[in-house]
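Here's the structure, in structure tokens; my notes come after.
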Protein chains: 2
Amino acid sequence: MHNFRKPPTMADVARRTGVSPMTVSRAFKRDSSVSQETREAVLRAAEELGYVFDSTASNLRSQRTDFIAVTIPSINNANFADTVRALSDRVSERGLQILLGYTNYDVAEEERLIEQLLRRKPEAIVVTGGKHTPRARKLLSNAGIPVIETWDLPEEPIGHVVGFSNALAVREMVDHFVSVGYRKIAFIGGDADRDTRGTDRRAGFIAAMKDHGLDAPRLIAAGPPPISMREGANAMGQLLERFPDTEAVICVSDLSAFGALTECQRRGIAVPDRMAIGGFGDYEIGAISVPSLTTINAFAREIGAKTADLILDVLDGKLDRPGRVTIRPDLILRQTSR
Amino acid sequence: MHNFRKPPTMADVARRTGVSPMTVSRAFKRDSSVSQETREAVLRAAEELGYVFDSTASNLRSQRTDFIAVTIPSINNANFADTVRALSDRVSERGLQILLGYTNYDVAEEERLIEQLLRRKPEAIVVTGGKHTPRARKLLSNAGIPVIETWDLPEEPIGHVVGFSNALAVREMVDHFVSVGYRKIAFIGGDADRDTRGTDRRAGFIAAMKDHGLDAPRLIAAGPPPISMREGANAMGQLLERFPDTEAVICVSDLSAFGALTECQRRGIAVPDRMAIGGFGDYEIGAISVPSLTTINAFAREIGAKTADLILDVLDGKLDRPGRVTIRPDLILRQTSR
DNA sequence: ACTTGCATTGGTAACGATAACATGGATGCC
DNA sequence: GGCATCCATGTTATCGTTACCAATGCAAGT
């Protein structure tokens, strides 16, 4: 079963093929100049020996790992997964591989993760969000590789940015809700000090309400992020008890919005007639639930794709100053609201 | 912004601290013997210089990467994400890092991915499923590292196994459905030739039906995996048109089951009275939807945790023969069935 | 006093690929 | 024919860390 001999190296393959190790190295590269027959002979010998290319040596000597480091808050979130998938698909065409880590929505954890990832010497690093510890900022700035902040529009970006304003996106929903007559509007989100995007959305909500001359006392904190469906349901329960006259609620994500919807269904509260609901993120569930969810499409896949384009441009030297790609989220009106 | 000097190495830190590079190296390891004050001096000097440990050199020299390679069918699936998270949390305590790749439910893609991952010289490799191309099997066998197949119970495992029988799990649901009186039971799954776990579940369904003396002509193929909520809804539509007298349907996952449920809701079909629905995977949505979904808990997190335990045992030399950890999925009865 | 043992530190070589440069031979052009 | 050019391949040194072995100093034990 196990093979206890030392695994073969390029030197072994070279000896067997009757060429130099350098030629073997070239044969394993895409576009190096090796004759067709030599390459085939090398690859055949490699296959016979069971040779497996050793990236670790290549990484050290060439000072290239072909890693793109990525941090996301949670591995179990369809929005971030969409972004990573689009990013991964795009950069893998160019031989780059994603090195993924998750922060649990915690900037201290993010700092640890960033340090760990940078040790692996990635070609670029993509972080979700624009809020970081001072040390994390410093690590990123000094890393000497492209840094891309996503899912946010930081005022003082570290390097490149591909994102959108969470506050403005929610504002758009508030504007619409007010325009169709809702006044007593609530917000369901996470605890203020953890989920920075959620906090931005809440801030956007409050500011927008204010601009319409409306107070915003109906704020339900559903716990530390991520806010699950279950927590959304519980929050809706709280909301109905504390502010029974609420007409509409905006939730920090479609997941909590769906949970809130189910709570209404369990309590026999008509949606949207007695209670309107808005979500965020355009998750699949919002499109298919009955009633379907009014939500905001943040174009998760597009964020990933544009991030990939940006990285490739920078690595190709086609972009020498920080790029700033702004995504415009889209309000999607469905059955849970007028 | 960018720092164009060559980044500092251990030698630079050593010079600044007034010790040898070897001592710097030791100071960066957890349990190496360096005096407390030396370590602190080294770390201080490193911080001042902005030194970042270079894993690539370490990996080559020590022949250790501290990577655990993992392949999953899709990055956007809560079950696999749960497994990866549990695995990651557990092994990261020991300084190991997950190197993740996804196969798009395709064994050819899996083969490419496995080869790519093995080049990075991981300490162990975890694959989802027990079906692979012959070359992939060979690559894994010859890799000289622990191989763990998960989410399945292959008859001829390559190395270790942490999984369950997809066929038996579905059988349990069929047994229950029959015991409470359903006879005309359908199955909604993916196309037969791609999703191997889905195919196993379908096979388990057919076999179980047969054992009850029941035919199983009501098989809806909803397309290539993964089967989304939308596809589940479409499949339910097809089912209702082709087999209108169906009493119950078992879906390949909770996602398609929820989609099927919503289609019933749109068509005014009472669940479970006129149509019972069963899912698979115990996703959050199944617990919270109205009505809540009868499903099968495959213990995704436990698979990840036990895989981690197994890997750590093997790496510690505490396990010298292939391990086989069998998970027993659990039938969860909820409101979409009797 | 002398050995033994431990804790701490240092010197040297090596991990396995490839960047940089060099070379031999074929081909093209005037 | 002579010279430039290009293609395919070889030689040498090196990327930055750490395994391995050695050495020093000091405390404890006999």
Side-chain angles (χ1 to χ4, degrees), chain A residues 5-43 45-46 49-67 95 116 118-123 143-144, chain B residues 5-43 45-46 49-67 95 116 118-123 143-144:
Chain A
R5 285 172 316 185
K6 269 181 69 174
T9 70
M10 276 193 179
D12 298 316
V13 178
R15 215 166 301 123
R16 183 172 180 116
T17 321
V19 296
S20 74
M22 198 59 234
T23 300
V24 176
S25 172
R26 291 194 179 100
F28 272 87
K29 302 277 142 214
R30 278 247 161 279
D31 49 318
S32 259
S33 60
V34 209
S35 73
Q36 190 57 30
E37 47 190 343
T38 307
R39 165 168 284 138
E40 278 164 16
V42 168
L43 296 182
L49 285 174
Y51 169 73
V52 177
F53 182 93
D54 188 335
S55 293
T56 66
S58 172
N59 293 161
L60 174 60
R61 174 65 244 233
S62 67
Q63 300 287 64
R64 297 199 49 188
T65 59
D66 290 335
F67 273 136
Q116 194 189 29
L118 289 178
R119 290 173 160 215
R120 302 273 187 189
K121 305 290 169 186
E123 311 300 326
Chain B
R5 284 172 316 185
K6 270 181 68 174
T9 69
M10 277 192 178
D12 298 315
V13 179
R15 216 166 300 124
R16 183 173 182 116
T17 320
V19 296
S20 75
M22 198 58 237
T23 299
V24 177
S25 173
R26 291 194 180 99
F28 272 88
K29 302 278 140 213
R30 277 249 161 277
D31 50 318
S32 257
S33 59
V34 209
S35 73
Q36 190 57 30
E37 48 190 341
T38 306
R39 165 168 286 137
E40 278 164 15
V42 167
L43 296 182
L49 286 174
Y51 168 75
V52 177
F53 183 92
D54 188 336
S55 291
T56 65
S58 173
N59 292 340
L60 174 60
R61 175 64 246 230
S62 67
Q63 301 287 69
R64 297 200 49 190
T65 58
D66 290 336
F67 273 137
Q116 195 189 28
L118 289 179
R119 289 173 161 216
R120 303 273 187 189
K121 305 288 169 187
E123 311 300 325

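Residue numbers start from 1 in every chain, and the chains themselves are labelled A, B, ... in the order their sequence lines are given, proteins ahead of strands. Heavy-atom basis, side chains included; hydrogens, waters and symmetry copies ignored. Bear in mind the structure is a predicted one, so any value in this text is a computation, not a measurement.
Chain A approaches DNA chain D over the interval dA8(D) to dG16(D), counting the first and last nucleotide 5' to 3' with an atom under 4.0 Å from its heavy atoms.
To the nearest 0.5 Å, atoms CZ (R26(B)) and OG (S33(B)) are separated by 6.0 Å. Distance check: M10(B) CE to D54(B) CG gives 8.5 Å after rounding to the nearest 0.5 Å. Taken to the nearest 0.5 Å, the CZ atom of R120(A) stands 10.0 Å off from the CZ atom of R120(B). Taking OG1 from T65(A) and CG from L60(A), the interatomic distance works out to 11.5 Å, rounded to the nearest 0.5 Å. Taking OG from S55(A) and CZ from R64(A), the interatomic distance works out to 11.5 Å, rounded to the nearest 0.5 Å. A distance of 9.5 Å separates CG in L49(B) from CZ in R15(B), rounded to the nearest 0.5 Å.
Annotation for V34(B) and A27(B): closest pair CG2-N, 3.8 Å, computed over non-hydrogen atoms.
The closest side-chain heavy-atom distance from F53(A) to L118(B) is not below 4.5 Å. Here the side chains of K121(A) and V52(B) are in contact, with some heavy-atom distance below 4.5 Å. With contacts defined as side-chain heavy-atom distances shorter than 4.5 Å, the pair N59(A)/N59(B) does not qualify.
Terminal axes of the helix from dA1(C)-dT30(D) to dC30(C)-dG1(D) (five pairs each, C1' rotation axis) are separated by 20°, to the nearest 10°.
Both tests do not hold together for R16(A) against Y51(A): distance to the six-membered ring centre under 6.0 Å, angle to the ring axis within 45°.
Both A57(B) and V24(A) lie close to DNA chain C; mapped to their nearest nucleotides by heavy-atom distance, the more 5′-ward contact belongs to A57(B).
In this structure, the CZ atom of R64(B) is 19 Å from the C1' atom of dG16(C), given to the nearest Å. To the nearest angstrom, P of dC21(C) lies 11 Å from CZ of R61(A).
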Heavy-atom protein contacts under 4.0 Å, nucleotides 4-11 of chain C, coded B base, S sugar-phosphate only, - none: ----BBBB

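When heavy atoms are screened at a 4.0 angstrom cut-off, Y51(A) is found touching the sugar-phosphate backbone but no base atom.
In terms of phosphate contacts, Q63(B) brings no side-chain nitrogen or oxygen within less than 4.0 Å of OP1 or OP2 of dA14(C).
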